[in-house]
Protein chains: 2
Amino acid sequence: MNDTPTIPPRRPLTLRDVSEASGVSEMTVSRVLRNRGDVSAATRDKVLDAAKQLGYVPNKIAGALASSRVNLVAVIIPSLSNMVFPEVLAGVAEALDGTELQPVVGVTHYSPEQEEKVLYEMLSWRPSGVIIAGIEHSEQSRQMMRATDVPVVEIMDVDGDPVDAVVGISHRRAGRKMAEAILKQGFENIGFLGTQMPLDHRARKRFEGFTETLAKAGLEVMDQEFYSGGSALLKGREMTKAILDRSPDIDFLYYSNDLIGAGGLLYCTEQGFDIPGRLGLAGFNGVELLQGLPRKLATMDTERQAIGREAARIVAARAGGAPGGGERIEIEPKVTLGDTLRRYKP
Amino acid sequence: MNDTPTIPPRRPLTLRDVSEASGVSEMTVSRVLRNRGDVSAATRDKVLDAAKQLGYVPNKIAGALASSRVNLVAVIIPSLSNMVFPEVLAGVAEALDGTELQPVVGVTHYSPEQEEKVLYEMLSWRPSGVIIAGIEHSEQSRQMMRATDVPVVEIMDVDGDPVDAVVGISHRRAGRKMAEAILKQGFENIGFLGTQMPLDHRARKRFEGFTETLAKAGLEVMDQEFYSGGSALLKGREMTKAILDRSPDIDFLYYSNDLIGAGGLLYCTEQGFDIPGRLGLAGFNGVELLQGLPRKLATMDTERQAIGREAARIVAARAGGAPGGGERIEIEPKVTLGDTLRRYKP
DNA sequence: CTGAAAGCGCTAACAC
DNA sequence: GTGTTAGCGCTTTCAG
């Protein structure tokens, strides 16, 4: 069972060690280990045996330098605390799963300076691709992405001028669509609740699209409430109470994410409000969590995992040598009315 | 403002390009760019100017090969869909933030074979450290981790025989403690709800510790229910209904995670059960979400972020040249009684 | 303070 | 099928 392999070596093993142990040239060892070119079954076995016996692990650093191929994909996201980004990452990992490619994560904390640093760091590894959240970047960052020859996929947002490929939704359009859905149900006194984050361009665009459509109907947002940090569910409750106490005439609350929306929904349910008769609610993202709530919050699914998957596919295709550049995949988010937005039966 | 930098080059730039552009030797350019050794302010400026002008991005592959230093930290986790792992990752990223180190993520989908592959792949990059979830691995994997000279930190679970360093909690002990807390409140007819996942060793150990303590009190788990896939919150509701319909005498439900626990809590609240008078509930993990629920679910905080942080610190310290090996950090999880476990006022 | 030479461990491109 | 020869782009080391 146990071959009691030779004493663990001080010096990391190299191809040369395998070559010597197997009596096969380094080059052929390399071929065997990479499954490249034709090698006779006999030598192949000799090499594989020797490699396993020694516990050889190839050095990809050297391999990458020699071949100028790096099977790393840089994924640059603002945060890991907001579940939407791990979801994107999961999509990336899923699409990369069958390939040789590996994701490397960089977190920017919504800071353009940090993004610049992370991007620079990532590019210095000459990855097979860069997947980066958002379409707004510092001029420096854009410059780097333009200058590099690695494929760049900007994700989540398509409203703007991508450097190369984009996969995402139009947040402006999403805001408009939600406003239309709300107006259609006859709501008129609308409050907005969101995050206090000047650099969240996607939320901003949604809000812009939203107010734009309201304006066309001669309406404007009646009251607003913002938060930062803390448990989103809890904040949702608190903000909802605050805004309703302040503006009791409100008949609809539009939340910039589902978690605060869910908090609001729980609060309103407890207060015994007639929903959506007296008060309608909607969130944004379509998170799985909503499935388990007492009532289904209206929302708009943004398919984060699909976005990650598609972005990774673009990178994988190009890493595989396929030509490309400037791909554009716009995902159409759909409104889910749930139990908190539909007042009129269809 | 804009220097209109020279035409973006076809061939990626090298040190040599910067050297030629600045009239400084490659070696000195390298020194400047890495902030190593003494360089006169004059040449330093010349170099920095040329580099920026050209838009030079160093090639870490080559650097790593030459210096045999790789500022990557491998983080190997079973999944990204369960928020606990992104949380660990966030802790790692946080601790690494000030350093030169970068996390690289590998996902195993709870499969030992996949773990082996990912580990091999990661080790072939000769990272500065490996942070890997769990303490149970295939013999092959353990072998690789033993053989390598990169620091290995096994995280989340300390019950077992670590290869090198460990940071985590004792799940067996966690199970026992929860059982004690439950018994202390006088509950006797206890049901267990968990995930259908034979390879989730941590859940298994918790369950073992739990039943062990019940056994000492002459009790055993009255009924059980398992799920896999889907929205945990929703599953929590469904399972709770199922187990209570089947075993109406149950007076306590122990959930293997907070999400299903929260689902159960919502269900029970809606049913109007007297909680915790008639029925007590407890989850596991201490997720932030619980803060916003109508009632606070009893749970046990596992401090995932702290675990990630500490693991990353160990790696960073050793990458910085500090001696080490075999570090062990056991985090003591604390029971939070919340509103669903305390029957007797203190 | 600065430079020249010699690799790091592997693979591309040819020979045989 | 298999081996040989040059590097990949950087840093280490050692001279000046």
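Here is how names work: the chains are called A, B, and so on, in the same order as the sequence lines, proteins then strands, and each is numbered from 1. Hydrogens, waters and symmetry mates play no part in the numbers below; they use all other heavy atoms, side chains included.
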Can you list every pair that meets side chain to side chain donor-acceptor pair (under 3.5 Å) and has a residue in residues 77-92 of chain A, with sequence neighbours left out?
A:Glu87-A:Arg304
Summary of side chain to side chain donor-acceptor pair (under 3.5 Å) pairs that have at least one residue in residues 60-78 of chain A, sequence neighbours excluded
A:Lys60-B:Glu121, A:Asn71-B:Glu121
Looking at every strand, decide which applies to A:Ser68 at a 4.0 Å heavy-atom threshold: base, sugar-phosphate, or nothing.
nothing
Can you pull out every salt bridge (Lys or Arg N to Asp or Glu O under 4.0 Å) where at least one residue sits in residues 26-47 of chain B? Sequence neighbours excluded, please.
B:Arg16-B:Glu26
Which pairs count as salt bridge (Lys or Arg N to Asp or Glu O under 4.0 Å) when at least one residue sits in residues 92-104 of chain A, sequence neighbours excluded?
A:Glu94-A:Arg309
Among all residues two or more places apart in sequence or in another chain, which pass the side-chain contact (heavy atoms from CB on, under 4.5 Å) test with A:Glu136?
A:Asp157, A:His201, A:Lys205
Given atom [atom1] of [X] and atom [atom2] of [N], what is their separation to the nearest angstrom?
| X | N | atom1 | atom2 | answer |
| --- | --- | --- | --- | --- |
| B:Leu33 | D:dG9 | CG | P | 16 Å |
| A:Arg44 | D:dT2 | CZ | P | 10 Å |
| A:Lys46 | D:dG1 | NZ | C1' | 12 Å |

A:Arg202 meets the salt bridge (Lys or Arg N to Asp or Glu O under 4.0 Å) criterion, sequence neighbours left out, with none
Under 3.5 Å for both pairing distances: what stems, at least three Watson-Crick or G-U pairs long, include DNA chain D?
C:1-16 with D:1-16
Enumerate, atom names and distances included, each donor-acceptor pair closer than 3.5 Å involving a side-chain atom of residues 316-327 of chain B, sequence neighbours excluded.
unit_1: B:Arg318; atom_1: NE; unit_2: B:Glu327; atom_2: OE2; d: 3.4
unit_1: B:Arg318; atom_1: NH1; unit_2: B:Asp164; atom_2: OD2; d: 3.2
unit_1: B:Arg318; atom_1: NH2; unit_2: B:Asp164; atom_2: OD1; d: 2.9
unit_1: B:Arg318; atom_1: NH2; unit_2: B:Asp164; atom_2: OD2; d: 3.2
unit_1: B:Arg318; atom_1: NH2; unit_2: B:Glu327; atom_2: OE1; d: 2.8
unit_1: B:Glu327; atom_1: OE1; unit_2: B:Gly325; atom_2: N; d: 3.3
unit_1: B:Glu327; atom_1: OE2; unit_2: B:Gly325; atom_2: N; d: 3.3

One character per nucleotide, please: for nucleotides 3-13 of chain C, 5' to 3', B when the base has a protein heavy atom closer than 4.0 Å, S when only the sugar-phosphate does, - otherwise.
BB--BBBBBBB
Can you tell me which residue among A:Arg142, A:Glu115, A:Gln143 is in a side-chain hydrogen bond (donor to acceptor under 3.5 Å, both in side chains) with A:His137?
A:Glu115
